[in-house]
Amino acid sequence: MEQDYFSENLRFACSQRHSVSQICRDIGLNRQQFNRYINGGAHPSPFNLGRIAQYFYIHPSDFKASNSVFKSRFLKAQQGNTSKDRINEGFPGDIRSLRRYLGYYQTYYLSPSWPETIVCSCAFLEEKNGLIISKSLERISHRQLNIKKITKYNGKATFLRDRIFLVETESTGDPIVTQIILKPFQDQNDKYLKGLCTGISWRSNDVPYATRMIWRHLGSFPDKREMLGRCGILPHSSRRIAPTVKKYLLPKEGESATVVVP
C-alpha cells in the first residue's frame with residue numbers, strides 16, 4: 001500500500017512560512033479545514049490542492065513524494081523566488097473580505113489628458129484560481145479632436161488593512177502599469193469605493209500622474225450595454241455623474257485632485 005506523505009509534507013511547507021493563519025488568509029482557505037489537512041484528517045480537493053501548491057511554488061504531485069524528496073524539491077523551488085515572495089504572496093491578501101467586492105463597477109477619475117472633465121470607465125472583479133482578477137475598459141471618444149480610443153486593462157487585486165490594491169497593465173501595446181488603491185465609504189454600504197489612481201498620461205508626453213478615483217458598484221448582473229454606454233469623457237456639470245462622485249472627485253477651492261509628476 002502506497003504511503004501517504006501529504007500531511008507531513010504540508011506541515012513542513014507550513015513551517016517555512018510565518019504562520020498557518022497567514023497561509024490560510026493568503027490562499028483563502030478555512031483555518032479549521034486546513035488544520036484537518038495538516039493533521040491528516042482530510043485531503044484537499046484537486047482545486048484546493050492546486051491553490052496550496054501554487055502558493056508554495058511547487059507542483060501538486062510533489063506532495064506525494066517521500067519526506068526527504070519533498071524537502072529537496074520544496075527548498076529548490078523556493079530558490080530564486082525570495083524576491084518574488086513578498087509581492088506574489090500579497091495577492092489576494094484577505095480573500096474573504098475581498099469577495100464582497102466582486103462584480104461590475106462604473107469608475108470615474110480626473111485625468112490631466114482631459115482638463116475640466118471626468119473620465120468614466122468600467123471595471124470587473126472576479127475570483128479565478130484562488131486570485132481576484134481585475135478587468136477594466138476605458139473608451140475615449142472626442143469628435144472635435146477626431147479621437148476614438150478603446151483601452152483594455154488586465155490585472156489582479158489584493159485586500160490588506162481594509163483597502164483594495166490593484167495592479168493592472170494594458171492588454172495590448174506597451175505594458176504600462178497602472179496602480180489603484182481603494183477604500184470603502186463608511187456611510188455608503190459598500191456601494192462606492194474611493195481612492196487614488198496612478199498612471200501615465202498618453203496625451204501629455206507620457207507624464208506620470210496621480211489622481212482621485214471612485215468606483216460605483218453595479219452588482220454581478222448589470223445591463224452591460226448601458227454600463228458601456230456611460231463610458232467616455234464627461235464635463236463636470238454632466239447629470240450622468242452622481243453627486244457622491246462629484247463631491248469626491250472635484251476639488252474644493254485651492255485644492256488639486258490631480259498631481260502631475262514632472
Subject >> CA sep, side-chain torsions, deciding dist, call: Arg139, Ser121, side chain to side chain donor-acceptor pair (under 3.5 Å) >> reply: CA-CA 7 Å; Arg139 184 169 65 181; Ser121 305; over 6 Å; no
Can you list the residues that meet the side chain to side chain contact (heavy atoms under 4.5 Å, CB included) rule with [X], with sequence neighbours excluded?
X: Arg73; value: Asp62, Ala65, Val69
X: Cys14; value: Leu10, Val20, Ile23, Phe34, Ile38, Phe56
X: Asp94; value: Arg96, Ser97, Phe159
X: Thr158; value: Phe91, Leu160, Phe165

**OP:** Just grab all the salt bridge (charged side-chain N to carboxylate O under 4.0 Å, His left out) pairs involving residues 120-132, residues at least two apart or on different chains.
**Re:** Arg99-Glu127, Glu126-Lys135
[Y] and [X], any side-chain heavy atoms less than 4.5 Å apart:
X: Met227; Y: Leu137; result: no
X: Leu193; Y: Ile164; result: yes
X: Cys231; Y: Gln106; result: yes
X: Leu125; Y: Tyr105; result: yes

Original post:
Which residue pairs pass the side chain to side chain donor-acceptor pair (under 3.5 Å) test when at least one of the two sits in residues 40-52, sequence neighbours left out?
Top reply: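 Pairs touching residues 40-52 that pass the test: Asp4-His43, Asn48-Arg51.
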Subject >> Non-hydrogen atoms of Ala53 and His59 that approach each other most closely >> reply: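 In this case the closest contact between Ala53 and His59 is CB-C, 3.9 Å.
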**OP:** Could you tell me whether Arg212 sits above the aromatic face of Tyr248, with NZ or CZ closer than 6.0 angstrom to the six-membered ring centre and within 45 degrees of the axis?
**Re:**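 Checked: cation-pi criterion met.
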**OP:** With sequence neighbours left out, write down each residue that passes ring pair (Phe, Tyr, Trp, His ring centres under 6.0 Å) with Phe63, or none if nothing qualifies.
**Re:**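 Scan of Phe63 (ring pair (Phe, Tyr, Trp, His ring centres under 6.0 Å), adjacent residues dropped) gives Phe6, Phe70.
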Original post:
Using links of under 4.5 Å between side-chain heavy atoms of ILVMFWY residues, direct or through other members, which residues join Tyr5 in one cluster?
Top reply: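 Once heavy-atom contacts under 4.5 Å are chained together, Tyr5 still belongs with nothing else.
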Contacts of type side-chain hydrogen bond (donor to acceptor under 3.5 Å, both in side chains), residue [X], not counting sequence neighbours:
X: Ser134; value: Glu168
X: Tyr104; value: Lys224
X: Ser237; value: none
X: Asn67; value: Asn9

**OP:** Mind checking the CG-CG spacing from Leu182 to Leu166? Nearest 0.5 Å is all I need.
**Re:** 6.0 Å
**OP:** Kindly determine whether Gln22 and Arg17 satisfy side chain to side chain donor-acceptor pair (under 3.5 Å), including the steps that lead there.
**Re:** CA-CA 8 Å; Gln22 185 62 49; Arg17 293 293 187 268; over 6 Å; no
**OP:** Could you walk me through whether Met213 and Thr211 pass side chain to side chain contact (heavy atoms under 4.5 Å, CB included), step by step?
**Re:** CA-CA 6 Å; Met213 186 176 219; Thr211 183; 5.6 Å; no
